[in-house]
Structures are given as structure tokens and as C-alpha cells.
Amino acid sequence: MNAIICGSCHTWLTSDLSKCPTCNATLFLEGKDKNIIDRIQPNCLIYRYAGSDILEPAIVLKQSKVNLRVATKLQEYSTPVVVAKQNVYLFNQNILSAIQALRNERTATIMRYDQLIQSHWQHLQPYE
């Protein structure tokens with residue numbers, strides 16, 4: 001753990017600090033008084049690239065009427081990503097795993113086809 005988020009002001013910090021430089025809160029890294037965020041537990045899936053089939057696990061930080069502010073990793077906690085509500089779904093590990101497996105399978109198939117095409121190209125003879 002080399003980076004943390006202050007639980008009070010959500011400032012990105014290094015774990016070697018004893019106080020938050022932004023809000024001056026004393027940082028407790030462990031125990032029942034722990035007041036830092038050192039990991040995120042996803043509670044939603046986001047779709048942020050039109051024309052793509054990528055779903056990303058994220059955590060909802062703030063909601064507005066039209067958009068949600070989410071973090072896909074700890075570093076985005078202090079500067080969240082804005083995603084339209086219609087592109088945010090409940091977190092479902094089974095669906096995420098199934099989609100990732102299919103995407104990996106598709107990538108492997110495309111690579112295999114590219115290798116087969118390349119092998120045929122190598123057998124072409126120049127026209128003389």
C-alpha cells in the first residue's frame with residue numbers, strides 16, 4: 001500500500017504521511033479508527049465508450065439527475081469519472097466474467113486467423 005485517500009477530504013496521499021496536508025486530519029492506517037481509503041469495492045459496472053463492449057467495475061461516489069461520478073480505481077477517487085446514468089449498471093461478477101471471457105476468446109480467435117492469413121501470404125510467389 002503506497003497510496004491512500006484521506007477519508008475526510010478525499011485527497012490522494014502517500015502512505016508515509018501522518019497528517020493530511022489538505023485538511024490537517026491525523027491519518028490512522030489501521031484499526032477501528034482507520035480514516036483512510038486504501039481500496040475500493042466495486043458496486044457498479046460502467047459503459048463509457050460508445051461502440052465498445054467494454055464494461056468496467058467501478059464504485060459510485062456521487063449522483064446527480066443525469067450523471068454519476070464513479071471511480072474505477074483508487075487514484076480516480078479524488079477526480080471521479082462522469083458517466084451518464086443510462087450507462088451504469090448494478091455490479092454482477094458473473095456477467096462481467098462472462099463478457100471478459102468472450103472478449104478474450106474473440107481476441108485469441110482473431111490472432112489465430114491473422115496467423116493463418118500470414119502463413120498463406122508467405123506462400124505467395126512473385127509474378128514474373
Side-chain angles (χ1 to χ4, degrees):
M1 174 176 69
N2 59 359
I4 56 175
I5 303 285
C6 175
S8 302
C9 65
H10 300 141
T11 302
W12 179 255
L13 307 167
T14 58
S15 58
D16 58 349
L17 296 172
S18 61
K19 287 190 173 218
C20 175
T22 306
C23 67
N24 208 27
T26 303
L27 300 175
F28 298 101
L29 305 178
E30 295 178 4
K32 66 176 186 162
D33 294 331
K34 180 178 173 180
N35 64 348
I36 56 129
I37 301 166
D38 57 354
R39 68 181 58 85
I40 60 173
Q41 183 65 36
N43 61 4
C44 68
L45 294 170
I46 62 169
Y47 172 72
R48 60 175 156 166
Y49 303 112
S52 170
D53 58 3
I54 296 175
L55 282 175
E56 299 174 272
I59 182 169
V60 174
L61 302 177
K62 188 176 181 181
Q63 293 187 37
S64 65
K65 289 182 180 180
V66 182
N67 298 319
L68 294 171
R69 294 187 185 275
V70 300
T72 60
K73 54 190 171 191
L74 189 59
Q75 193 168 5
E76 290 177 353
Y77 206 95
S78 57
T79 55
V81 176
V82 178
V83 181
K85 277 188 176 182
Q86 72 245 21
N87 294 335
V88 179
Y89 306 93
L90 289 176
F91 183 79
N92 186 323
Q93 184 62 52
N94 294 335
I95 292 174
L96 179 62
S97 296
I99 289 172
Q100 287 174 332
L102 288 169
R103 292 184 79 241
N104 291 340
E105 187 178 324
R106 179 181 64 196
T107 301
T109 300
I110 289 171
M111 287 177 61
R112 187 172 61 89
Y113 285 150
D114 286 346
Q115 290 172 348
L116 288 171
I117 291 168
Q118 180 67 26
S119 71
H120 288 295
W121 272 86
Q122 290 174 351
H123 290 72
L124 289 172
Q125 298 292 322
Y127 181 79
E128 293 180 17

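Computation of the quantities below employed the complete heavy-atom set of this structure, encompassing side-chain atoms and omitting hydrogens, waters and symmetry-equivalent molecules.
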- Item | side-chain hydrogen bond (donor to acceptor under 3.5 Å, both in side chains) against Thr107, all qualifying residues, sequence neighbours excluded | none

- Query: Under a single-linkage rule joining Ile, Leu, Val, Met, Phe, Trp and Tyr whose side-chain heavy atoms are separated by less than 4.5 Å, which residues share a cluster with Leu116?
  - Reply: Tyr113

- Crowding at CD, Glu105 (>12 non-hydrogen neighbours, <6.0 Å): no

- Quick one: are Phe91 and Ile59 in side-chain contact, heavy atoms under 4.5 Å? no

- Can you hop from Leu102 to Leu45 via hydrophobic side chains spaced under 4.5 Å? no

Pairs under 3.5 angstrom only: tabulate donor-acceptor contacts from the side chains of residues 121-128 to other protein residues two or more places apart or in another chain.
unit_1: His123; atom_1: ND1; unit_2: Ser119; atom_2: O; d: 2.6

Please tabulate, one pair per line, all N/O donor-acceptor pairs under 3.5 Å involving side-chain atoms of residues 49-58, not counting sequence neighbours.
unit_1: Ser52; atom_1: OG; unit_2: Ile54; atom_2: N; d: 3.0
unit_1: Asp53; atom_1: OD1; unit_2: Arg103; atom_2: NE; d: 2.9
unit_1: Asp53; atom_1: OD2; unit_2: Arg106; atom_2: NH1; d: 2.8
unit_1: Asp53; atom_1: OD2; unit_2: Arg106; atom_2: NH2; d: 3.0
unit_1: Glu56; atom_1: OE1; unit_2: Arg48; atom_2: NE; d: 2.6
unit_1: Glu56; atom_1: OE1; unit_2: Arg48; atom_2: NH2; d: 3.4
unit_1: Glu56; atom_1: OE2; unit_2: Arg48; atom_2: NH2; d: 3.0

- Message: Tell me every residue that passes side-chain hydrogen bond (donor to acceptor under 3.5 Å, both in side chains) with Lys85, counting only those two or more places apart in sequence or in another chain.
- Response: none

- Item | Interatomic spacing from OG1 in Thr109 to CG in Asn104 - rounded to 0.5 Å | 10.5 Å

- Task: Report the hydrophobic cluster partners of Val88, with the cluster defined as I, L, V, M, F, W, Y residues connected by side-chain heavy atoms closer than 4.5 angstrom, directly or transitively.
- Result: Ile46, Val60, Leu68, Val70, Val81, Val83

- Check side-chain contact (heavy atoms from CB on, under 4.5 Å) between Ala98 and all other residues, then give those that pass, not counting sequence neighbours. none

- So which heavy atom on Cys23 is nearest to which on Cys20, and how close? N-SG, 3.5 Å

- Got a sec, which residues hit ring pair (Phe, Tyr, Trp, His ring centres under 6.0 Å) with Tyr77, two or more places apart in sequence or on another chain? His10

- Message: Using a 4.5 Å cut-off between side-chain heavy atoms of Ile, Leu, Val, Met, Phe, Trp and Tyr, which other residues end up in the same hydrophobic cluster as Ile110?
- Response: none

- Sequence neighbours left out, what pairs pass salt bridge (charged side-chain N to carboxylate O under 4.0 Å, His left out) with at least one residue falling in residues 63-78? none

- Report the residues that fulfil side-chain hydrogen bond (donor to acceptor under 3.5 Å, both in side chains) with Gln118, sequence neighbours left out, ordered by chain and then residue number. none

- Kindly state each residue pair satisfying ring pair (Phe, Tyr, Trp, His ring centres under 6.0 Å) with at least one member in residues 22-43, sequence neighbours excluded. none

